[in-house]
Amino acid sequence: MFPGLNEQMDVIRQGVVDLLPENELVHKIEKSIKQNKPLNIKLGADPSRPDLHIGHAVVLHKMRQFQDLGHEATLIIGDFTGMIGDPTGKSKTRPQLTLEETKINGQSYIEQATIILRADRLIVKYNSEWLNSMNFVDVIKLASNYTVAQMLERDDFSNRYKSGTPISIHELLYPLAQGMDSVVIKSDVELGGTDQKFNLLVGRELQKQYGVEPQCILTMPILAGTDGIQKMSKSLDNYIALTDSPKEMFGKTMSIPDNLITLYMLHAAFMDSAKIKATEEGLKDGSVHPRNAKVETAMKIVEVYHGADSAKSAFEEFERIFVNKDIPDVIDEMVIECDGGKIGLADLLMTALLTPSKKESRRLIEQGGVTVDGEKCTDPFTHIDISTKRLLKVGKRKFLYVISN
RNA sequence: GGGCAGAUACCGAAGCGGUUAAACGGGGCAGACUGUAAAUCUGCUAGGGUAAUCCUUACGGAGGUUCGAAUCCUUCUCUGCCCA
């Protein structure tokens, strides 16, 4: 039994950017209810970057909503297309992976995606299954469906072309390959980030060419990273991973710029719109302090992935370290090898892997970023007696007990 | 096939024979401030060396000219543009 049309559409519309064509989706859902048959919802996974973060969660969460409405999710692991490398949002050609690499990454992708997706009503497919067996004739036939001008409509391509950045021919094939997936699995709806809009529409177009009922496309916003400027991505190191610890999730959320708070409430914490609206107004008239709004958001995000208890302790830990400048409740301990239990501070930091080089150690020490047992130490050459356990603090976040063997 | 332009540190981009571990911007890190790992301000940002006008590595690759090269020459690789 499926929920009614209006109920479904209300859920589906939440937070979306594009839903095209909307009336077609209405027909599809009406039909689905009448025939008691779930829609086939497609989501392509790019296995070239298998580290999922809460930016990916925006779309995955939408997929989950479809599942909860009774529809069927098809997750396409782009093991074949991963070899091409998605040109989306890239100013450079992506490195090409081998099929084995993309397969392994794909597995890890599935594990992380199912943190959000439910395991029933989920079908996983690898697109090498059909793309790998296409021969050159098939490819030419596929390619003849699109023109160069159409491809260049895409921002990524036209920008690169205008700026003189190389575009390899094989990159033009990427959208077509991805579109082929839609033809093969006969998807009713394809989800993606707004940067995928072009690719999704190619899928729709190809379905028509190949005589399959065309899919609707639904795009979700691209979540800005914790720096508040660039989109969230692992390579920019502005991401909150789905597998991050509660502490990390909390801290990273606290580091977002204030103007991102309501955005994160909606797309990362999935809070309800009335609450978000209230916070937005509170922030504007000053009745809500940005820090408190952020704390609330951070706790909610941790709660989504780790539960309410973890959220509470992550918050307490944050208070302890950054507000009360206290030390964490759990600190690692490391046994250091050295003669006579004494070691130069700069050497110590490097040996304890707190810094990548001795130069770096010296810089940090001289800038006052290092304390030993709570006392600031600015001479990189003082020898520290570590025959008894000492507490090192490097920067704001790194704590470590050290002791000699 | 021919002509022209280009390849610089994490990224963008100056430099065009010595004072250049390389301006400037971004990013990153640290400090100050703050009810936040927000904002703002300041400093640092190749490795080694308890110092130096010290050593090593570094301006696409390989050679060469020179007391001395990111800067000049040769050649190779890669990229863009134009002509065919």
Side-chain angles (χ1 to χ4, degrees), chain A residues 89-93 95 157-169 171 224-241 244-265 279 282-283 286-302 314-328 342-351 354-371 376-384 392-399:
Chain A
K90 287 287 145 184
S91 49
K92 287 177 188 157
T93 305
F157 287 141
S158 62
N159 289 340
R160 279 165 67 178
Y161 190 68
K162 276 184 215 141
S163 70
T165 315
I167 305 169
S168 297
I169 302 293
E171 293 183 81
T226 53
D227 59 359
I229 300 162
Q230 312 250 46
K231 72 174 195 175
M232 184 174 285
S233 87
K234 170 144 201 211
S235 50
L236 295 169
D237 197 25
N238 61 358
Y239 68 105
I240 301 175
D244 271 346
S245 70
K247 268 190 249 179
E248 284 171 311
M249 278 191 176
F250 194 95
K252 285 179 179 177
T253 307
M254 290 306 284
S255 79
I256 64 172
D258 289 352
N259 58 15
L260 243 56
I261 295 172
T262 50
L263 190 78
Y264 269 55
M265 283 182 151
T279 309
L283 286 171
S287 64
V288 174
H289 191 287
R291 194 200 88 110
N292 294 335
K294 220 189 272 186
V295 165
E296 205 177 335
T297 311
M299 282 186 78
K300 204 81 190 175
I301 291 174
V302 177
F315 164 67
E316 283 162 2
E317 175 97 353
F318 188 88
E319 288 284 298
R320 183 159 53 228
I321 299 171
F322 298 106
V323 180
N324 304 322
K325 308 252 190 274
D326 210 336
I327 61 171
K342 286 199 165 190
I343 184 168
L345 186 53
D347 286 308
L348 177 59
L349 295 189
M350 208 172 76
T351 318
L354 294 166
T355 53
S357 74
K358 216 160 170 184
K359 278 272 189 203
E360 181 80 20
S361 306
R362 282 176 58 169
R363 252 175 249 131
L364 282 168
I365 296 165
E366 280 160 9
Q367 287 181 130
V370 177
T371 65
K376 191 174 279 190
C377 203
T378 52
D379 175 11
F381 304 109
T382 39
H383 278 63
I384 307 293
L392 285 180
K393 182 185 180 195
V394 179
K396 289 177 188 132
R397 283 179 272 164
K398 291 183 192 165
F399 293 87

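Reckoned from all heavy atoms, side chains included, excluding hydrogens, waters and symmetry mates. Throughout, protein chains are lettered first and strands after them, A, B, ... in sequence-line order, and every chain is numbered starting at 1.
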Asks: Need one value for Met350(A): base, sugar-phosphate or nothing, where a base atom within 4.0 Å counts as base even if backbone is also close, heavy atoms only.
Replies: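 The residue Met350(A) makes sugar-phosphate contact but no base contact.
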Asks: Within this structure, what is the CZ-to-C1' distance between Arg160(A) and U79(B), rounded to whole angstrom?
Replies: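 Atom CZ in Arg160(A) sits about 13 Å away from atom C1' in U79(B).
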Asks: Hey, which of these two, Ser357(A) or Leu236(A), hits RNA chain B nearer its 5' end, going by closest nucleotide?
Replies: Leu236(A)
Asks: What nucleic acid atoms does Lys396(A) come within less than 4.0 Å of, heavy atoms only: base, sugar-phosphate, or nothing?
Replies: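 Sugar-phosphate contact only.
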Asks: With C1' as the reference atom in both, quote the distance from C67(B) to G28(B) in angstrom, rounded to an integer.
Replies: 40 Å
Asks: At under 4.0 Å between heavy atoms, what does Lys325(A) touch on the DNA or RNA strands: base, sugar-phosphate, or nothing?
Replies: base
Asks: I'd like the P distance from A38(B) over to A13(B), given in whole Å.
Replies: 29 Å
Asks: Check this for me: does the side-chain of Lys359(A) come within 3.5 Å of the base of G49(B) through a donor and an acceptor?
Replies: yes
Asks: Could you tell me how far A5(B) sits from G12(B) if I compare only their P atoms? Round to whole Å.
Replies: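 It works out to 23 Å between them.
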Asks: In whole Å, what is the span from the NZ atom of Lys234(A) to the C1' atom of G27(B)?
Replies: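 Lys234(A) atom NZ is separated from G27(B) atom C1' by 18 Å.
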Asks: Answer yes or no: is there a donor N or O on one side and an acceptor on the other, between the side chain of His289(A) and the main chain of Ser287(A), under 3.5 Å?
Replies: no
Asks: Keeping the roles fixed (side chain from Lys252(A), backbone from Tyr239(A)), state whether a donor-acceptor pair exists under 3.5 Å.
Replies: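 Yes; judged by distance alone, with no hydrogens or angles, the pair exists.
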Asks: Considering heavy-atom distances to RNA chain B, does Val394(A) or Arg291(A) have its closest nucleotide positioned more toward the 5' end?
Replies: Val394(A)
Asks: Among A38(B), A37(B), U50(B), which nucleotide sits nearest the side chain of Phe381(A)?
Replies: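 Nearest listed nucleotide: U50(B).
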Asks: What is the distance, rounded to the nearest whole Å, between atom NZ of Lys342(A) and atom P of U50(B)?
Replies: 17 Å
Asks: Answer yes if the ring centres of Phe157(A) and Tyr161(A) are under 6.0 angstrom apart, and no otherwise.
Replies: no
Asks: Which nucleotide, if any, forms a Watson-Crick or G-U wobble pair with U79(B), using both distances under 3.5 Å?
Replies: A5(B)
Asks: What I want to find out is whether Arg291(A) reaches Glu319(A) closely enough, with some N-O distance under 4.0 Å, to be called a salt bridge.
Replies: yes
Asks: Mind calculating the distance between CG (Asn238(A)) and C1' (A37(B)) to the nearest angstrom?
Replies: 14 Å
Asks: Contact class for Ile256(A) vs. all strands (heavy atom < 4.0 Å): base, sugar-phosphate, or nothing?
Replies: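 Result for Ile256(A) = sugar-phosphate.
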Asks: Hey, does Leu354(A) have a side-chain heavy atom less than 4.5 Å from the side chain of Leu392(A)?
Replies: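 Side-chain contact under 4.5 Å: yes.
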Asks: Just call it for Asn292(A): base, sugar-phosphate, or nothing, with non-hydrogen atoms closer than 4.0 Å on any strand.
Replies: base
Asks: Indicate, yes or no, whether a donor-acceptor pair under 3.5 Å links the base of G27(B) to the side chain of Asp227(A).
Replies: no
Asks: For the pair made of CE in Met249(A) and C1' in A37(B), what is the distance, rounded to whole Å?
Replies: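 Going from CE in Met249(A) over to C1' in A37(B) covers 16 Å.
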Asks: Look at Arg397(A) and U36(B) and indicate whether a side-chain polar atom (N or O) is within less than 4.0 Å of OP1 or OP2.
Replies: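 Negative; the distance criterion is not met.
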Asks: I need the minimum non-hydrogen distance between Pro380(A) and Glu366(A), along with the two atoms involved.
Replies: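 That would be CG-OE2, 3.6 Å.
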Asks: In whole Å, I'd like the distance from the CD1 atom of Ile240(A) to the P atom of A38(B).
Replies: 13 Å
Asks: For G25(B), which nucleotide in any strand shown is its Watson-Crick or wobble partner with both distances under 3.5 Å?
Replies: C11(B)
Asks: Paired with A69(B): which nucleotide, if any, by Watson-Crick or G-U wobble criteria at under 3.5 Å for both distances?
Replies: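 A69(B) is unpaired by these criteria.
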Asks: Which part of the nucleic acid, if any, lies within reach of Gly251(A) when heavy atoms closer than 4.0 Å are counted: base, sugar-phosphate only, or nothing?
Replies: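 Answer is base: heavy atoms of Gly251(A) come under 4.0 Å of a base.
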Asks: Quick one: Asp379(A) CG to U50(B) C1', roughly how many Å, whole number?
Replies: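 After rounding, the gap between these two atoms is 8 Å.
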Asks: For the base of G31(B), is there a side-chain donor-acceptor partner from Gln367(A) under 3.5 Å away?
Replies: no
Asks: Considering only atom P, compute the distance from C44(B) to A52(B) and round it to an integer number of Å.
Replies: 16 Å
Asks: What integer number of Å spans the P atoms of C16(B) and C73(B)?
Replies: 15 Å
Asks: May I have the distance from Glu366(A) (atom CD) to U45(B) (atom P), rounded to whole angstrom?
Replies: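 One finds 10 Å between P of U45(B) and CD of Glu366(A), rounded.
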Asks: Expressed as a whole number of Å, how far does the P atom of C4(B) sit from that of U74(B)?
Replies: 12 Å
Asks: How far does the C1' atom of G3(B) sit from the matching atom of C59(B), given to the nearest Å?
Replies: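 Comparing C1' positions in G3(B) and C59(B) gives a spacing of 28 Å.
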Asks: Checking contacts here: which listed nucleotide (U50(B), A38(B), C81(B)) is nearest the side-chain heavy atoms of Lys358(A)?
Replies: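 The answer is U50(B), which lies nearest to the side chain.
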Asks: Do Glu360(A) and Ser357(A) pass the side chain to side chain donor-acceptor pair (under 3.5 Å) test, and can you show the C-alpha distance, the side-chain angles, and the key distance before you say yes or no?
Replies: CA-CA 5 Å; Glu360(A) 181 80 20; Ser357(A) 74; 5.0 Å; no
Asks: Distance check: side-chain N/O of Arg362(A) vs OP1/OP2 of A51(B), anything under 4.0 Å?
Replies: yes
Asks: Could you work out the separation of U56(B) and A69(B) based on their P atoms and round it to a whole Å?
Replies: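 Looking at atom P only, U56(B) and A69(B) are 13 Å apart.
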Asks: If you define the side chain from C-beta out and look only at heavy atoms, does anything of Phe250(A) sit under 4.5 Å from Asp244(A)?
Replies: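 Counting from C-beta outward, Phe250(A) and Asp244(A) never come under 4.5 Å.
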